[in-house]
Amino acid sequence: MQGKLEEFNDAGVAVAAVTYDSVEQNAKFKSAENLDFSLLSDQGFNTVKNFGILNESHKEGDFAYGVGHPGVFLIDTDNKIVLKRAEERYSNRPSMDELLEAVKEFTGEATPVEDKTEQED
């Protein structure tokens with residue numbers, strides 16, 4: 001994401017990432033990786049639960065409990081989700097180029113778009 005940050009910013013998008021790691025862990029990682037976008041801590045798992053992307057294959061008490069499915073959300077200035085991309089499997093993540101194109105399509109649109117969350121049959 002860092003490599004495309006300027007292009008996302010040029011499209012009028014502020015980038016942030018959410019992890020279940022602590023604020024301190026995120027600060028260390030951000031510094032070590034020289035990241036120029038915010039890393040937000042979701043230690044209570046409220047964000048992944050509210051966005052509907054909690055990976056339920058990890059049960060409460062498991063080491064990986066709280067891990068979200070890889071997801072990207074575009075939230076407009078009215079706090080409406082206008083683009084949601086969440087995948088069941090880590091390996092199905094869209095490329096940054098694909099996400100940038102999707103963001104460019106939806107930047108500035110006021111109406112929410114369809115949920116493109118992958119569902120397992």
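Since the model is a prediction, treat every value here as computed from it, not as a measurement.
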Practice item. Please lay out, stage by stage, how Q2 and E33 fare under the test side chain to side chain contact (heavy atoms under 4.5 Å, CB included). Key: CA-CA 9 Å; Q2 180 67 35; E33 297 296 321; over 6 Å; no
Practice item. Give the C-alpha distance, both sets of side-chain angles, the deciding distance and a yes or no for side chain to side chain contact (heavy atoms under 4.5 Å, CB included) between N26 and T19. Key: CA-CA 8 Å; N26 282 344; T19 75; 2.9 Å; yes
**Study point:** Verdict with supporting geometry, D97 and S95, side-chain hydrogen bond (donor to acceptor under 3.5 Å, both in side chains)
**Key:** CA-CA 5 Å; D97 287 331; S95 71; 5.1 Å; no
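Within the structure, no pair that satisfies the salt bridge (Lys or Arg N to Asp or Glu O under 4.0 Å) test touches residues 38-65, not counting sequence neighbours. Judged as a ring pair (Phe, Tyr, Trp, His ring centres under 6.0 Å), the pairs with a partner in residues 28-55 (not counting sequence neighbours) are, in order, F45-Y65, F51-F73.
Side-chain contact between K80 and I75: absent, with no pair of heavy atoms (C-beta onward) separated by less than 4.5 Å. Residues K4 and V15 are not in side-chain contact: their nearest non-hydrogen atoms beyond the backbone lie 4.5 Å or more apart. Side-chain contact check for L5 versus N9: some heavy-atom pair is nearer than 4.5 Å.
The cluster map of Ile, Leu, Val, Met, Phe, Trp and Tyr, joined by side-chain heavy atoms under 4.5 Å apart, puts V18 and L54 in different clusters.
Once rounded to the nearest 0.5 Å, the distance linking NZ of K104 with CD of E7 reads 5.5 Å. To the nearest 0.5 Å, atom CG of residue L99 and atom CE of residue M1 are 7.0 Å apart.
In this structure, the side chain of Q43 does not engage the main chain of D21 through any donor-acceptor pair within 3.5 Å. Remark: the backbone N or O of E98 is not paired with any side-chain donor or acceptor of E101 at under 3.5 angstrom.
Taking S41 as the reference, nothing meets the side chain to side chain donor-acceptor pair (under 3.5 Å) condition, with sequence neighbours excluded.
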